[in-house]
Amino acid sequence: MDFRHWATLSLTGLLAFSKSALSACPESGVQLPSGPLSQALISLGKQCRVSLVVQANNVSSIQIREQHLETPDGNIAPALGRLLDNTALTFTHTGTNALAIVARPEQPAENESSTTQLLPAEEITVTGQSLTGSHLRHLKLDSYAPIDVLAQPELEITGAQTIAELLKFLPAVSGNSTSTSVTNGGNGTATVTLRGLPASNTLVLINGRRIVSNGFGGEAADLNTIPLSAVDRIEVLKDGASAVYGSDAIAGVVNIILRRDFDGLDVSSYYGQAERGDQQTNSYSITWGTGSETGHVMFSLALYRQGEILSRDRDLSASADNRARGGTDLRSSASPQAYIALTDGVVTSTVDGVRPWTNGDLYDFREYTSALVPSDRHSVYLALSRTVSDSIDAYADMMSVRTHSQSTLAPTPVFTRFDNGDLSIASDQVYNPFGEEITDVRKRVLELGPRIQSNGTETWRLNTGLKGQVNDWQWELTAATHYTQANETLSNLIDPNRLSLSLKGPDTCTEAEGCIPVDLLGVPGSIDDAQLDYIRGENRVSGASRMSTVTYIANGPLGTSAAGEVLAAAGIEIRREAIDFTSTDSDGLSLIGGVASGAAEGNRLIGEAFAEISLPLSADRLWLDGAVRYSEYSDFGNTANPKMALRWRPWPSLLLRASYATGFKAPTLVDMNQTGHQSQEYLFDPCTNSNAAQLPGCNGRADQDRIQYLTEFGGNPDLQPETSDNRSLGIVWTPGDFTGFHASIDLYEIRQNDVIDTSPQYLINQNAFTGLFEDRVERDSQGDITRVIATRLNIGARDVRGVDASMRYQYQSREVGLVRWSLNSSHMSSYLNQLAPGSPIENLAGTFADAASGGAGSLPEWKANTGLYWQRGRWEGGYTIHYVGELEESFALNDQTITRTIDSWSTHDLQLAYGVPGGFRFAVGIDNLLDREPPFAASAFNDNFDARTYDLSGRYWYTTLSFSM
């Protein structure tokens, strides 16, 4: 369906409503405890299932009595208004299901005279809430920058059980994020990629603070190490923020706000299963919290276990032969019965001898592979806070997460001509009946069994600090230490040195050497246990990432001008990062069937100073915001990055905003220090085409049956940071006649230079078409690639442009209840990519190129979601549509470059919940209601579709049961 038609249809959810509302509460009213106003607000938000954003320390000094407040028609407004009547506070709308407690613009005289206040207004300090993307405390939470806020009630209605699952369908997310849907090439981690840029360009924060990256080199944070059950809300800043947070924030920021002030007990369970009987998933969590006027403690335990989907159990992914779908045959020439190249032709083994090889002998490896990786995660989270004095609070939060996943790959293939080592079979080898040396044998060693990849991580986080207030200024001193250990084991591989020895004649492969000859030329079953034990190998990778941080931030009013209050913030941060990972190999060679991740060890010390200011130029109409950050890295130098933003409100309901910022992306410690990384990459060699003789870099026509090439990657200590500049221009409309309506449109542009790249596909293309990079693309006498050397370099450039648009509306009445509607969309108008200086500039917007071949993944021009959510009394319902626009892909078929369209895709998710008296809540849901399979992608290596963008599960049912008190 054309996106314009789809968006028009989604607007029909708006036409049925005529007035606005704020929330839905129990029709019987709400009961609030005596004590600090902050605790009463938390209780109110919990009972009304709305997110209340408030600085707890600013209202904790206000005491209230135990009381019952009426909520006519389930509307929170009368109850919240009554609760705040005797204070200098009021509330404002900040989102589809969120409110902010802010300063009352002016206190009516009659209220002052007719009501006795619990605390004099002049003693109450209300300072707003810091936004993701700023250390300033803004009162209008939706005005500073384009931010998607996913509040806790909205998280619950989606039925999502992991953060990666929740973020996958956000319109601003595209490209090569990883998850357990990525099997061959995955490592059990999950990342997020905003704007189609690499995951290392998106900064993930917890409670506004940087966290340690994954244990395999620390290029990006692993979302699997953050339990969704501990999350209060997620804020996604879709704007560059290097000036505020430093490196990694070029594409934007994902700030995960954890629960800290939860009171009571919450127990929840989840069970889901695909309609086809697989992907059984269980999730359990328990959260408990209690507090007093002087302290608070919260504790959370969570368990998540996800079942497996095998490639063979879905029609789309069951076979690697895609000719019937208009694609190519990706089956492997390494077959169980062996591809044997003799001087007089290619033969294959049979029980009766040999026969000529045909394409019918290609091996379909999908019989064994996982399409969704089974995994489990355990987490413990503890949050503590304590009032030290009237103006100082202490806090600490600790988290421990353990994850494990295990995927299955087809049995190890051997390519004697192209794998590591001298794997030629001697003419006098005991199992060679042909009497000649054989250099090209392709054998799938079924006897080893499938390759099993196990990944595990252990992550520890400790954050502790003090925060306080001096006059109108707030300050916070934080110390943090984070550590993550990751391990990977890939079994049933082959040691290339032992295999090399076993394929030689009896004079070389001797019993004294402990050598056991191996039969690569026989039928399946010809390799016995003794031979398997001799050549079997296992690849092990172990890595650790560490980060220690000390941060001091102060913010408050700098002064007052004729136009209003000038807000400012400043701080310093000292951070130490370190990585240390190693992997097994065989004397520097990767094991056959696996990869050699190599090794990297490095550390750096980073010192940063930053400042922000918000200067009102015209009262309640015009603001100039600025930020600057200076960063000093011990291993490559220093950089300074500013940001400027302008906000103009010509009318109370209309806001215009514009920003400009420069950014930088420091090379990671892996980028600078990695050595010894080898893998078999899925690449295309133009020298395999029939016109190879006319190409300058080709030495004859190369083997057309190859799809994998041995590639060596490496770090570069001379790398410089990537540089960028971000521009945005937006408009926000919140008409006063519809207090529940909000609409925004934001244009964005991100330009990057000196992009760190290591594209082996680019090297191969340039080598074939121009003859360049002969030292990096090594070919044998027959023109076949034997090795590609791809060291990281600052060579690339990008320019990404697009527009985000969102609308939300909510309506409430006694008859209907509360109805909320939202539409969130993103249009990528261009993604200009230049792999190296002098190379052509390609527009990748609306295209797909698989990450397995060095591509940028799926970059749809249109991506959107819309939802209709309803609540009345004890009933709740949700209906969500996710949409991904069509894409184009290019691939080689019969010596021709074919460009085809990958169809658009949409899924419909439905949930219905009922709150049982006594604190229980029961929900049932269906994801992908219409059972739409992902669109076929001919150039996708894993399972014939892009698992980073789409979902293979099909129709999926789940239930949840929770208890809260």
Side-chain angles (χ1 to χ4, degrees), residues 332-335 338-347 357 412-427 429 432 434 436-443 494 496-497 499-501 503-504 508 520-521 585-593 595-596 676-714 759-791 853-854 892 895:
S332 173
S333 58
S335 64
Y339 168 112
I340 307 169
L342 303 175
T343 53
D344 56 354
V346 180
V347 299
W357 164 272
T412 293
V414 176
F415 298 84
T416 61
R417 186 176 165 203
F418 307 115
D419 276 320
N420 274 320
D422 174 14
L423 301 181
S424 60
I425 303 176
S427 59
Q429 202 252 5
N432 184 353
F434 301 105
E436 63 179 76
E437 183 183 40
I438 305 173
T439 59
D440 191 358
V441 173
R442 307 173 191 183
K443 172 79 170 181
I494 294 177
N497 290 315
L499 181 62
S500 174
L501 192 62
L503 298 179
K504 301 302 180 278
T508 304
L520 284 189
L521 304 176
D585 55 29
S586 181
D587 294 333
L589 303 179
S590 60
L591 298 176
I592 297 173
V595 301
H677 181 192
Q678 290 184 336
S679 68
Q680 291 281 352
E681 295 292 293
Y682 297 95
L683 306 169
F684 171 72
D685 182 7
C687 293
T688 61
N689 287 337
S690 58
N691 67 339
Q694 283 76 51
L695 299 181
C698 301
N699 181 20
R701 189 178 186 185
D703 191 317
Q704 302 104 67
D705 292 323
R706 293 183 65 193
I707 59 175
Q708 290 179 270
Y709 297 86
L710 181 65
T711 306
E712 290 188 8
F713 299 96
S759 174
Q761 185 63 65
Y762 170 76
L763 296 175
I764 290 176
N765 291 344
Q766 290 295 304
N767 175 256
F769 291 118
T770 68
L772 297 175
F773 299 118
E774 289 185 346
D775 57 332
R776 289 178 172 265
V777 182
E778 300 177 359
R779 298 180 183 271
D780 62 17
S781 59
Q782 300 177 56
D784 284 304
I785 295 174
T786 57
R787 185 172 59 162
V788 180
I789 302 173
T791 305
S853 58
D895 294 342

Find the distance between [atom1] ([X]) and [atom2] ([Y]) and round it off to the nearest 0.5 Å.
{"X": "Asp775", "Y": "Leu772", "atom1": "CG", "atom2": "CG", "value": "10.0 Å"}
{"X": "Arg701", "Y": "Cys687", "atom1": "CZ", "atom2": "SG", "value": "11.0 Å"}
{"X": "Phe773", "Y": "Asn765", "atom1": "CZ", "atom2": "CG", "value": "11.0 Å"}
{"X": "Ser690", "Y": "Gln704", "atom1": "OG", "atom2": "CD", "value": "9.0 Å"}
{"X": "Ile425", "Y": "Glu437", "atom1": "CD1", "atom2": "CD", "value": "9.5 Å"}
{"X": "Gln761", "Y": "Gln766", "atom1": "CD", "atom2": "CD", "value": "11.0 Å"}

Mind listing the closest non-hydrogen atom pair of [X] and [Y] along with its distance?
{"X": "Leu520", "Y": "Ala338", "value": "O-CB, 3.6 Å"}
{"X": "Gly700", "Y": "Ala692", "value": "O-CB, 3.9 Å"}
{"X": "Val414", "Y": "Ala334", "value": "O-CB, 4.4 Å"}
{"X": "Val441", "Y": "Thr416", "value": "N-OG1, 2.7 Å"}
{"X": "Leu763", "Y": "Ile789", "value": "CD1-O, 3.5 Å"}

[Y] and [X], any side-chain heavy atoms less than 4.5 Å apart:
{"X": "Arg442", "Y": "Pro413", "answer": "no"}
{"X": "Ser424", "Y": "Ile438", "answer": "no"}
{"X": "Leu499", "Y": "Asp419", "answer": "no"}
{"X": "Asn420", "Y": "Ser590", "answer": "yes"}

Q: Give the C-alpha distance, both sets of side-chain angles, the deciding distance and a yes or no for side-chain contact (heavy atoms from CB on, under 4.5 Å) between Phe434 and Ile340.
A: CA-CA 10 Å; Phe434 301 105; Ile340 307 169; 4.3 Å; yes
Q) Looking at Phe415, is Arg706 sitting on its ring face, NZ or CZ under 6.0 Å from the six-membered ring centre and within 45 degrees of the normal? A)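 No, Arg706 does not lie over the aromatic ring of Phe415.
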Is a side-chain N or O of [X] found less than 3.5 angstrom from the main chain of [Y], in a donor-acceptor match?
{"X": "Ser500", "Y": "Asp422", "result": "yes"}
{"X": "Thr711", "Y": "Tyr709", "result": "yes"}
{"X": "Asn432", "Y": "Glu436", "result": "yes"}

Validation: residues 781-788 side-chain donor-acceptor distances under 3.5 Å, sequence neighbours left out:
| unit_1 | atom_1 | unit_2 | atom_2 | d |
| --- | --- | --- | --- | --- |
| Gln782 | OE1 | Arg417 | NH2 | 3.3 |
| Asp784 | OD1 | Asp703 | N | 2.7 |
| Asp784 | OD2 | Arg417 | NH1 | 3.0 |
| Asp784 | OD2 | Arg417 | NH2 | 2.3 |
| Thr786 | OG1 | Glu778 | O | 3.2 |
| Arg787 | NE | Glu778 | OE1 | 3.3 |
| Arg787 | NH1 | Glu712 | OE2 | 2.9 |
| Arg787 | NH2 | Glu778 | OE1 | 3.4 |
| Arg787 | NH2 | Glu778 | OE2 | 2.8 |

(Q) If you apply the rule side-chain contact (heavy atoms from CB on, under 4.5 Å), what do you find for Gln708 with Phe418, and how did you get there? (A) CA-CA 9 Å; Gln708 290 179 270; Phe418 307 115; over 6 Å; no
Q) Going through the checks in order, is the side-chain contact (heavy atoms from CB on, under 4.5 Å) test met by Phe684 and Ile764? A) CA-CA 8 Å; Phe684 171 72; Ile764 290 176; over 6 Å; no
Q | Set of residues satisfying salt bridge (Lys or Arg N to Asp or Glu O under 4.0 Å) with respect to Arg779, sequence neighbours excluded | A |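 Result, salt bridge (Lys or Arg N to Asp or Glu O under 4.0 Å) vs Arg779: Asp685.
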